[in-house]
Amino acid sequence: MLDKNQIAQRIAKELKDGDYVNLGIGIPTLVANYIPDGINVILQSENGLLGMGPFPIEGDEDADLINAGKETITTVPGSSFFDSAMSFGMIRAGKVDLTILGAMEVSENGDIASWKIPGKMVKGMGGAMDLVASAKNIIVAMMHTNSKGESKLVSACELPLTGINCVKKIVTNLAVIEITEKGFLLLERAHGVTVEEIQNKTQGRLIVEGEIPEIAF
Amino acid sequence: MSKVFKNAGEAVYDIMSGSIIMIGGFGLCGIPENCIAALEKRGVSQITCISNNAGVDDFGIGLLLKNKQVKKMIASYVGENAEFERQLLEGELEVELIPQGTLATRCMASGYGMPAIFTPAGVGTEVAKGKEVREFNGKQYLLEYAFDADFALVKAWKGDSFGNLVYKATARNFNPLMAMAGKITIAEVEEMVEPGQLDPNEIHTPGIYVHRIFQGANYEKRIEKRTIRKLDQ
């Protein structure tokens with residue numbers, strides 16, 4: 001089984017040199033720690049920054065320089081600032097190559113629910129609806145099951161949707177799964193996790209074709 | 001007529017209860033601290049507030065929420081404010097949650113003199129309820145209207161008496177968009193400079209959009225999540 005850092009590390013293998021990438025809050029933020037050697041990506045923060053760098057060293061924190069998770073950050077050489085309309089303009093226009101975000105549920109046709117539990121939790125969608133409606137490639141990073149042990153990979157989302165037919169790939173603590181027209185296609189399994197366990201914890205239609213390799217880093 | 005006001009209290013003199021007010025900032029970054037404090041002091045109520053976030057419990061728009069001065073909040077993300085979530089779940093506060101890009105672009109449309117925009121954000125979700133959907137090049141888009149705000153309260157880094165504004169780093173966010181969109185735009189700045197001192201090539205908001213400007217005071221500039229790394233990382 002993968003921990004959160006390993007999920008991030010596996011997703012980092014999906015990055016291509018020169019990609020403009022938007023990282024959501026939570027596990028996706030950790031992807032920045034595992035960018036492979038020789039791959040240069042430009043991180044977009046939707047509050048108005050291209051070229052996001054690591055957290056500042058103590059004493060260099062700047063209240064005017066934060067990421068979309070409201071954390072203090074730095075910039076890398078060649079970075080640029082812009083307003084929120086331009087930020088979502090570049091997202092809407094498909095300039096951002098890859099969006100990595102978390103989810104509460106993903107359905108077998110690529111619908112995603114991530115922003116609301118009616119009557120219980122209302123935080124808002126933030127920029128997630130804009131991102132999933134327009135990004136060319138969308139990868140979800142999440143646990144395979146929720147805190148009650150229920151599958152988060154479902155035939156149809158029960159929670160309010162963030163976007164429809166948009167998720168391309170899911171990396172969980174158990175598996176790497178691609179969304180296809182036929183359903184969840186199992187690509188890789190975590191070390192020590194059987195196909196049967198993944199099957200049991202996937203409520204939506206899981207397609208298993210041939211031998212499923214273990215996730216390698 | 002001079003656009004320069006002495007302080008926030010004087011600049012917000014005619015904001016009345018029931019007004020629709022845009023408030024710039026993302027989280028606590030780039031919020032008009034002085035104007036918010038002046039609204040709190042002025043005691044206006046029943047306001048409709050358009051802002052990306054709702055502050056935290058004891059700072060930013062959270063101060064207005066705590067005093068029950070806000071009738072309706074239009075925002076994209078309110079997760080950092082427990083009092084907000086409580087008022088929302090108990091039905092004490094009207095809330096319209098909208099996608100962040102839609103929020104930004106509805107401000108922009110207003111400042112650009114365009115009545116509406118089409119965006120794919122929210123298609124197929126509850127955000128689309130009751131909205132016109134139109135297909136362009138095989139993709140569906142929602143019709144979203146420009147905002148119509150009585151006042152816009154924004155914060156800039158530097159400004160001059162013409163109302164020209166320059167923002168710093170990610171404190172820019174919604175500020176220039178809301179500055180363009182207010183029927184009356186009030187800008188507070190960290191540093192007031194003489195006309196000519198700002199390089200015209202580098203002005204973010206041309207003064208035509210700004211009706212009132214003042215030098216802000218006592219900025220707290222609170223950091224919401226202080227994250228740091230060790231030197232060797």
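Chain identifiers are assigned alphabetically (A, B, ...) following the order of the sequence lines, protein sequences preceding nucleic acid strands; residue numbering begins at 1 within each chain. Quick caveat, the model's predicted, so the values are computed rather than measured.
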Can you run down the salt bridge (charged side-chain N to carboxylate O under 4.0 Å, His left out) pairs that involve residues 92-106 of chain A, sequence neighbours left out, and say none if there aren't any?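 Residue pairs with at least one partner in residues 92-106 of chain A: D97(A)-K136(A).
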
Take atom CE in M86(A); do more than 12 heavy atoms of anything else shown fall under 6.0 Å from it?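 No - once you tally the heavy atoms of other residues, nucleotides and ligands closer than 6.0 Å, there are 12 at most.
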
Counting only heavy atoms not in F217(A), do more than 12 fall under 6.0 Å of its CZ?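 Count over threshold, so yes.
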
Using a heavy-atom cutoff of under 4.5 Å, enumerate the residues of residues 51-61 of chain B that contact chain A, numbered in order, or state 'none'.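 So the qualifying residues are N53(B).
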
With chain A, which of L28(B), T119(B), N81(B) has the greatest number of heavy-atom pairs at distances under 4.5 Å?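 Of L28(B), T119(B), N81(B), T119(B) has the most heavy-atom pairs under 4.5 Å with chain A.
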
Flag the one option from T227(B), T125(B), L97(B) with the top tally of heavy-atom pairs under 4.5 Å to chain A.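 With the most close heavy-atom pairs to chain A, the winner is T227(B).
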
Once you round to the nearest 0.5 Å, how far does [atom1] of [X] lie from [atom2] of [Y]?
X: K123(A); Y: E85(B); atom1: NZ; atom2: CD; value: 4.5 Å
X: K225(B); Y: I73(A); atom1: NZ; atom2: CD1; value: 13.0 Å
X: E71(A); Y: E224(B); atom1: CD; atom2: CD; value: 10.5 Å
X: T170(B); Y: D83(A); atom1: OG1; atom2: CG; value: 12.5 Å
X: S134(A); Y: K139(B); atom1: OG; atom2: NZ; value: 4.5 Å

Measuring heavy-atom distances to chain A, does [X] have an atom under 4.5 Å in its side chain, in its backbone, in both, or in neither?
X: E190(B); answer: side chain
X: V95(B); answer: neither
X: L103(B); answer: neither

So for [X], is it side chain, backbone, both, or neither that comes closer than 4.5 Å to the heavy atoms of chain B?
X: K116(A); answer: side chain
X: T162(A); answer: backbone
X: A68(A); answer: both
X: N67(A); answer: backbone

Face-on cation placement of K70(A) at F26(B) ring, 6.0 Å and 45° thresholds: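 Satisfied, under 6.0 Å and within 45°.
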
Quick one: does T102(B)'s side chain get under 4.5 Å of M129(A)'s, heavy atoms only?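 With C-beta onward as the side chain, the pair stays apart.
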
